[in-house]
Each structure stands twice: as C-alpha cells, then as structure tokens.
Q: 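Okay, handing you the structure first.
None of the values given here were measured: they were computed from a predicted structure.
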Amino acid sequence: MSDRVTVQIDDGVADVRLNRPDKLNAVDGAMFKALVSTGERLSEDRRVRCVVLSGEGRGFCAGLDLESFQVMAGAEKPESDVTVQAVRRSERITNGAQQAAFTWHQLEVPVIAAVHGPALGAGFQIAVACDLRIVAPDAKLSALEIRWGLVPDMTGTQLLGRIVGHDVAKLLVFTGRMVSGEEAVRIGLATQVAEDPRAEALALAREIAGKSPHAIRGAKRLLNMAGEVSLAEGFKAEEATMASLIGSPNNVEAVNA
C-alpha cells in the first residue's frame with residue numbers, strides 16, 4: 001500500500017490516515033491510487049468492522065494538488081507519475097478520481113470521517129462519501145470548485161444532496177462557501193462536533209465494531225439503497241435481510257447478552 005495512505009487495524013477498526021502532511025494531504029496521482037487500493041483491500045479484509053478516515057498533520061485534505069490539476073488539464077507530465085486514469089477499472093461506474101471518494105461509500109462497513117483543519121474540494125468530497133462525519137469546531141469545509149470555474153467531480157454532485165438536501169447542496173456548490181465545523185453540523189453536513197475528531201471517531205468505531213457485523217453491514221446496505229430503488233424493492237430487501245439475521249449465531253449471541 002502506498003505511503004500516501006496508512007492503515008492500522010485493531011479490534012475490527014481500521015484507522016486509515018491520509019499521509020501527506022507537508023502538503024496538507026493534498027491529493028496527487030499517487031494519493032488517488034492509494035485511496036482506491038486501500039478501499040479495495042479493506043473491502044476484502046473480513047477483520048474490518050468499521051473504518052475511521054482522517055488526515056495526518058494540520059488538516060484532513062486541502063483538495064487537489066496543483067501539479068495534479070495541471071496534469072488533468074493536459075500539461076506534460078513525467079512518465080513516472082501516476083495518473084487518475086491509471087486507477088480506472090472498466091467494470092466500475094466511476095472513473096479513478098470518483099472512485100477515490102466513492103470507495104468509502106461502497107465499503108460494506110461504516111466509514112467515519114474525522115475532519116480537522118481544511119477539507120476542501122477533493123477532501124470535501126471524500127468526507128461526503130463517508131457514512132458519518134465528526135468535525136472539529138474550527139474545521140473548514142468547502143466545495144470550492146466553482147471558484148475555479150469548475151464543478152465537484154468526485155461524486156460530490158450526486159452524494160452531497162443526499163446528506164444536506166438538494167437546496168443546501170446547490171447553495172454550497174453554487175457559491176463555494178466555506179463552512180465551519182459548527183455550521184456543518186447545523187446544516188446537516190456533519191454528524192457531530194468534537195474537539196478531537198479522530199479520538200471521538202475511533203471511540204464510536206469501536207462501539208460499532210462491537211455490534212453484530214452482519215447486522216451492521218445489512219443496515220448500511222439497506223440505508224444506502226434508500227432513494228436508489230423503489231419502495232417495493234427496498235421493503236423486499238429489508239425483509240430478506242431480516243430473515244437472514246433472525247436466528248443467526250450473532251443474533252442469538254446478542255439476545256443472550
């Protein structure tokens with residue numbers, strides 16, 4: 001796994017850290033690739049029951065690295081650079097940049113973003129793709145692409161409205177407004193505020209990891225389906241999931257406990 005992203009797994013909790021602190025964890029080609037490959041590995045690791053995603057150093061993620069932006073705009077690049085297209089997979093509905101965020105939405109287990117400092121552009125969209133967001137009071141979050149005459153293109157346009165509602169999503173995208181951690185909670189962008197988001201996220205992850213893994217995975221799958229399938233399909237999936245859980249060893253253990 002690239003040193004752009006580090007992973008430590010302990011008691012079912014994967015502590016995942018963006019690891020480019022000298023650049024405020026700005027996303028370059030290597031970071032794109034590392035995020036995708038990390039998501040793939042965690043999806044295959046049955047030890048993992050919950051994930052905490054945070055950034056080393058002074059912030060979560062300051063957005064796209066300028067050099068990477070120049071590469072994407074068509075500037076000449078060294079052959080050794082890793083491009084976004086290098087992590088594209090034909091079987092996905094996403095391109096490589098989108099998958100760097102969407103992989104956290106796709107994971108079967110809950111993913112908690114612990115945000116301090118800036119979470120801008122690419123970093124904002126990575127946090128949005130997580131299931132929960134715990135933020136520092138003075139965190140700074142923004143879908144700032146409009147400032148450069150661009151749009152969020154790492155699944156943010158499709159996932160943001162599901163969190164904050166379409167009107168607030170449009171406000172954030174149309175203006176590139178900077179939102180503090182406290183305001184993020186008020187508008188539904190973040191789940192809760194904590195002075196130490198990573199410590200709070202790890203504590204919550206350990207609590208979730210102590211629950212039935214099959215029930216947690218089933219719950220995330222069902223909740224992610226809401227709004228994407230018809231009510232009839234959703235109700236059938238709910239019924240089937242419940243049937244698979246009732247009487248299972250995890251169910252019996254939980255009831256006995």
Q: Test Val128 against every option in Leu141, Leu159, Thr155 by the side chain to side chain contact (heavy atoms under 4.5 Å, CB included) rule and name the one that passes.
A: Leu159

Q: Would Glu238 and Met225 count as a side chain to side chain contact (heavy atoms under 4.5 Å, CB included) if you check the C-alpha gap in whole Å, the side-chain angles of each, and the deciding distance to 0.1 Å?
A: CA-CA 10 Å; Glu238 187 178 82; Met225 289 173 64; over 6 Å; no

Q: Is it the case that the side chain of Arg147 and the backbone of Gly176 share a donor-acceptor pair, with hydrogens and angles ignored and the cut-off at 3.5 Å?
A: yes

Q: For Thr191 and Arg133, which I'm curious about, is there any donor-acceptor pair between the side chains at under 3.5 Å?
A: no

Q: Could you state the interatomic distance from CG (Leu18) to OG (Ser54), rounded to the nearest 0.5 Å?
A: 7.0 Å

Q: Roughly how far, to the nearest 0.5 Å, is the CE atom of Met242 from the CD1 atom of Ile246?
A: 5.5 Å

Q: Quick check: does any side chain N or O of Thr241 sit under 3.5 Å from a backbone N or O of Ala237, one acting as donor and the other as acceptor?
A: yes

Q: Under a 3.5 Å distance rule, please check whether Arg217 uses its side chain to pair with a backbone N or O of Val109 as donor and acceptor.
A: no

Q: Assess whether side chain to side chain contact (heavy atoms under 4.5 Å, CB included) is satisfied between Phe124 and Val115, documenting all intermediate values.
A: CA-CA 9 Å; Phe124 177 89; Val115 179; over 6 Å; no

Q: Do Ser180 and Glu183 pair up side chain to side chain, a donor and an acceptor below 3.5 Å, judged on atom types alone?
A: no

Q: For Met31 and Val5: C-alpha separation, side-chain torsions, deciding distance, then whether side chain to side chain contact (heavy atoms under 4.5 Å, CB included) applies.
A: CA-CA 7 Å; Met31 180 77 84; Val5 176; 3.9 Å; yes

Q: Measuring from atom CG of Leu64 to atom CE of Met154, what distance do you get when rounded to the nearest 0.5 angstrom?
A: 8.0 Å

Q: Group every Ile, Leu, Val, Met, Phe, Trp and Tyr by side-chain heavy-atom contacts under 4.5 Å, then state whether Ile216 and Leu222 land in the same group.
A: no

Q: Under the criterion side chain to side chain contact (heavy atoms under 4.5 Å, CB included), I'd like the reasoning laid out for Val16 against Leu42: C-alpha separation, chi angles, the key distance, then a yes or no.
A: CA-CA 10 Å; Val16 180; Leu42 292 176; 3.8 Å; yes

Q: Can we say Lys220 and Asp131 salt-bridge, meaning some charged N sits less than 4.0 Å from an Asp/Glu carboxylate O?
A: yes

Q: Using the rule side chain to side chain contact (heavy atoms under 4.5 Å, CB included), only one of Glu108, Arg49, Arg46 pairs with Pro213; which is it?
A: Arg49

Q: Does Arg162 use its side chain to pair, donor to acceptor, with the backbone of Asn224 at less than 3.5 Å?
A: yes

Q: Regarding Arg20 and Asp65, does a basic nitrogen lie under 4.0 Å from an acidic carboxylate oxygen?
A: yes

Q: Please check if the side chain of Asn25 supplies one atom and the backbone of Glu56 the other of a donor-acceptor pair under 3.5 Å.
A: yes

Q: Quick one: does any side-chain atom of Asp15 pair with a main-chain N or O of Gln8 as donor and acceptor, under 3.5 Å?
A: no

Q: Under a 3.5 Å threshold, yes or no: a donor from one side chain and an acceptor from the other, between Gln125 and Glu145?
A: yes

Q: With a 3.5 Å distance limit and no angle check, can you tell me whether His116 reaches the backbone of Gly57 through a side-chain donor-acceptor pair?
A: yes

